[in-house]
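In the text below, chain A, chain B and the rest are named by the order of the sequence lines, each starting its count at 1.
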Amino acid sequence: MDKNYQPKDVEEPIYKMWEEGGYFKLSNNPTAKPFTILLPPPNANADLHVGHAMYVIEDIMIRYHRMLGEASLWLPGADHAGFETQFVYEKHLAKKGQSRFDFDRETLYKDIWNFVHENRSKMENQLRRLGFSLDWSRNIFTLDPTVVQTVYTSFKHLFDKGLVYRNNRLVNYCTKDGTGFSDLEVLYVERTDPMYYIKYGPFTIATARPETKFRDTALAVNPKDKRYKKYIGQTMDIMGLLGPITMTIIPDTDVDPAFGTGIMKVTPAHDPHDFALGQKFNLPVTPIIDFRGKMDFSWFLSQDTLDQKSRERAEKYHGKKVAIARQMMVEDLKTDGLMIKVDEHYSHRVGTCWKCGTVIEPLPLEQWYVQVKPLAKKATKAIKDKKVSFVPKRFEKIALQWLTNFHDWNISRQNVWGIRIPAWKCEKCAQWTVTAGETPTACQHCTHTRLIQDTDTFDTWFSSGQWPFATLQATGNPDDFKRFYPTSVMETGYDILPWWVCRMLMLGVYITGTVPFKTVYLHGLVRDAKGQKMSKSKGNVINPLQMVDLYGADALRMALVFGTGAGNDQALSEDKIRSMRNFANKLWNIARFMMMNFNAVNAPIPFYDEAMHKNLDDKNDKRIITELNMLTAKVTKQMETYRFSDAALSIYEFAWHRLADVHLEKNKERFKNGDVQALSVLRHVFLTILKLLHPFMPFVTEHLWKDLPRKSKTPLIISQWPAILRKK
RNA sequence: GGACGAUUAGCUCAAUGGUAGAGCGCUUCGUUUACAUCGAAGAUGUUGGGGGUUCGAAUCCCUCAUCGUCCACCA
């Protein structure tokens, strides 16, 4: 044996032995109790980051339950990650000086498909390097035909029940990425912008968006506001940059008399609140910003009675980006004497694209929506009926809050990469025919035969929200769904609780009638050594594979679990990983010490058993055995209660500071003299530690297990979780 | 404006109402063939402030302060 543990020499052959031995697959015992975890499918568009290494918690649970003899299934998969993948792919294109507009739909899809499949196999090998005991024979991709079929079927089902509908309302639209989003994908950032006070007929209005005022259709005031009460219901012509606009004054209790001047311009086409107000008062929706984020004055320029000045201005603004046009208008307002004042320090929150940072424009667009309330109600009931439990407990409240606050969910995306929505529009009657995937031969409404399929794809979360039943129905084993659904634990980061966990609950409960998982375990973010968020621009990113290369997978795994409370963010440092590497080395050397002493004895050392246990005659042996039993009981309890950090700490403490530092040192003479009982006890204690530690540090434990003489011929991965030997 | 965290040793964090712990760092000593990726000994805390409940509080309750995250249609 080498003086130091060399993970590089050990890990690959061990993983190969596990995988080729079929140990990740289910045992043949059909009566074994099922224990299932679905791997939250990583996006198949990039390498694993250190956050993915938190899957170690799942591996710990899976390995523990496998050692308990349960039918332990950890199902791997990958997410096509619709918009996000297309975004990543477009970045690759940009490097080559290309864009998505250079390709037709089919070509772009095919190219992204190839890109994703290259990444996917890379990513899967990275999961292997971390030692994850995934059942690769059941590997699923969100675009596998069976999964896609499930998604189609659910969509049709929801549509038939009236829980999916199409509607034209303002969507959160990113004009750069060219797609709408759900509310969750809008990232609000605090910004300071100028607030413009503009003369508006007899009033002064305050606005941060003067560029939309050309299409204002009304002015709103609080009905209780004495200053403006008398104007309510009046219609008047108000002078603007392009001549007078006709406007009605309407009452709205949402208007805060103390904000700005207490009078609000109403732009139904570009503001969600105004849109709702517009519906109430029957105001027209008249956009002035197009889907590329540019001003559109064609409605104005098409009039033939324009004066010279207005035409020139409109032509100047037309086609300009919003921010640029705004500046021009501000100047022109000043020229016309309409700008009363500018408050440069107006602080507000602006919606931006979560991916590219572009300001989100609310734009009117027809999309498919999921009606959330009925689904959320069922999910809420399931939580309140204790069909699902949360670790840590506090996330139950957060989940319930989300479920009560969700708005209807926009599931249409104007992307190529994704599952195309199975809905066809009739060219004659303009009505929609929805199917479970098959191309309709005629319109359901008027039997016309010319139909055009929606070009949009589903929000990727609409498919991953069905992951638990979609996967278990897609494994190729017809019994899997029956046996493993609902799954045991859903383990993921708390940051995707609303995106994923809540949606899986809603769709799972509604479509299968059962919760998709019994326990939700949420882990926190992995941050850098100083507790700061990792980011490429800060240069503080820890690459998990690089850490595996340097210190071994066990070291990284242990570092991520050790001293980390469930649901809390953690600071990860290279120092911590190194210290866990040192722990692996400590185990290695304990084994080395044992081998040395065993080899010095000519006869084989008997195995520790009931008989020896009953007749222990040495104080030190008795003591270490008692402590080992206490440790086993403690760790087992900690595993059962999801206290993995505590379990890791308990084993670490015992192995290093009790066994190595005290017991080994105290009994060195006995070992050297070939005391058979001492050696047998030592080996029993150490093998038991290897078992307890195996879920956390699978490689080094499996390797040492293999090298030491032991009763059982089976690999550690499928050995039995230690039981406690008791005196009668 | 709400919700949820956090505040514990120099740093990063654990702690399931019952004598405050770990890793790294620090001080002193140690090359006895398991390991210097080590060992021995040691220092550092009235657990953010203030109340309360309890035989007993880092832990439960109230309150204040600071930091963080998320949510909400203030133009």
Are any of the side-chain nitrogens in [X] or [Y] under 4.0 Å away from the carboxylate oxygens of its partner?
X: Glu396(A); Y: Lys384(A); value: no
X: Arg227(A); Y: Asp225(A); value: yes
X: Lys668(A); Y: Glu665(A); value: yes
X: Asp621(A); Y: Arg670(A); value: yes
X: Glu211(A); Y: Lys213(A); value: no
X: Lys637(A); Y: Glu640(A); value: no
X: Arg658(A); Y: Glu653(A); value: no

Which nucleotide in the list [options] gets nearest to the side chain of [X]?
X: Glu665(A); options: C74(B), C35(B), C71(B); result: C35(B)
X: Asp256(A); options: A75(B), A22(B), A34(B); result: A75(B)
X: Lys265(A); options: A75(B), C35(B), A72(B); result: A75(B)
X: Trp402(A); options: A15(B), A75(B), C71(B); result: C71(B)
X: Asp661(A); options: C71(B), G39(B), A36(B); result: G39(B)

Exercise for the section: Assess whether side chain to side chain donor-acceptor pair (under 3.5 Å) is satisfied between His523(A) and Asn568(A), documenting all intermediate values. Expected result: CA-CA 6 Å; His523(A) 65 252; Asn568(A) 289 345; over 6 Å; no
For nucleotides 58-63 of chain B, tabulate all protein N/O to nucleotide N/O atom pairs closer than 3.5 Å, reporting atom names and distance.
none

For [N] and [M], measure between their [atom1] atoms and round to the nearest Å.
N: G23(B); M: A15(B); atom1: C1'; answer: 15 Å
N: A58(B); M: A14(B); atom1: C1'; answer: 12 Å
N: C24(B); M: A9(B); atom1: C1'; answer: 12 Å
N: C13(B); M: A6(B); atom1: P; answer: 12 Å
N: U59(B); M: U54(B); atom1: C1'; answer: 13 Å
N: C64(B); M: A41(B); atom1: C1'; answer: 44 Å
N: U37(B); M: G25(B); atom1: P; answer: 12 Å
N: A43(B); M: G48(B); atom1: C1'; answer: 24 Å

Need one value for [X]: base, sugar-phosphate or nothing, where a base atom within 4.0 Å counts as base even if backbone is also close, heavy atoms only.
X: Val255(A); result: base
X: Ala206(A); result: base
X: Leu664(A); result: base
X: Ala559(A); result: nothing
X: Gly563(A); result: sugar-phosphate

Problem - Sub-4.0 Å heavy-atom contacts from residues 573-587 of chain A onto RNA chain B, ordered by number - result: Asp575(A), Ser579(A), Arg581(A), Asn582(A), Asn585(A), Lys586(A)
Pairing partner of [N] (Watson-Crick or G-U wobble, both distances under 3.5 Å):
N: A20(B); value: none
N: G1(B); value: C71(B)
N: A65(B); value: U7(B)
N: A40(B); value: U28(B)
N: U54(B); value: none

Exercise for the section: Please report, rounded to the nearest Å, how far the C1' atom of C35(B) is from the NE2 atom of His657(A). Expected result: 14 Å
Kindly give the atom pairs (protein nitrogen or oxygen, nucleotide nitrogen or oxygen) under 3.5 Å for nucleotides 1-5 of chain B.
residue : atom : partner   : partner atom : Å
A3(B)   : O3'  : Lys397(A) : NZ           : 3.4
A3(B)   : O2'  : Gln401(A) : OE1          : 2.9
A3(B)   : O2'  : Gln401(A) : NE2          : 2.9
C4(B)   : OP1  : Lys397(A) : NZ           : 2.0

Exercise for the section: Examine Arg169(A) relative to Tyr369(A) and say whether NZ or CZ is less than 6.0 Å from the centre of the six-membered ring and inside a 45° cone about the ring axis. Expected result: yes
Exercise for the section: Measure the acute angle between the ring planes of Trp588(A) and Tyr5(A), then classify it against the limits of 30° and 60° as parallel, tilted or perpendicular. Expected result: tilted
Completion exercise
Between Lys672(A) and His407(A), whichever has its closest RNA chain B nucleotide further toward 5' is Lys672(A)
Exercise for the section: Using distance alone, with no hydrogens and no angle criterion, decide if Asp408(A) and Gln371(A) have a side-chain donor and acceptor under 3.5 Å apart. Expected result: no
Exercise for the section: Ignoring hydrogens and angles, state whether a donor on the side chain of Lys265(A) or Thr212(A) is under 3.5 Å from an acceptor on the partner side chain. Expected result: yes
Handout entry: Worked check of salt bridge (charged side-chain N to carboxylate O under 4.0 Å, His left out) between Glu574(A) and Arg581(A)
Key = CA-CA 10 Å; Glu574(A) 199 168 333; Arg581(A) 185 271 317 260; over 6 Å; no
Practice task
Would you confirm whether the ring centroid of Tyr231(A) sits within less than 6.0 angstrom of the ring centroid of Phe203(A)?
Solution key: yes
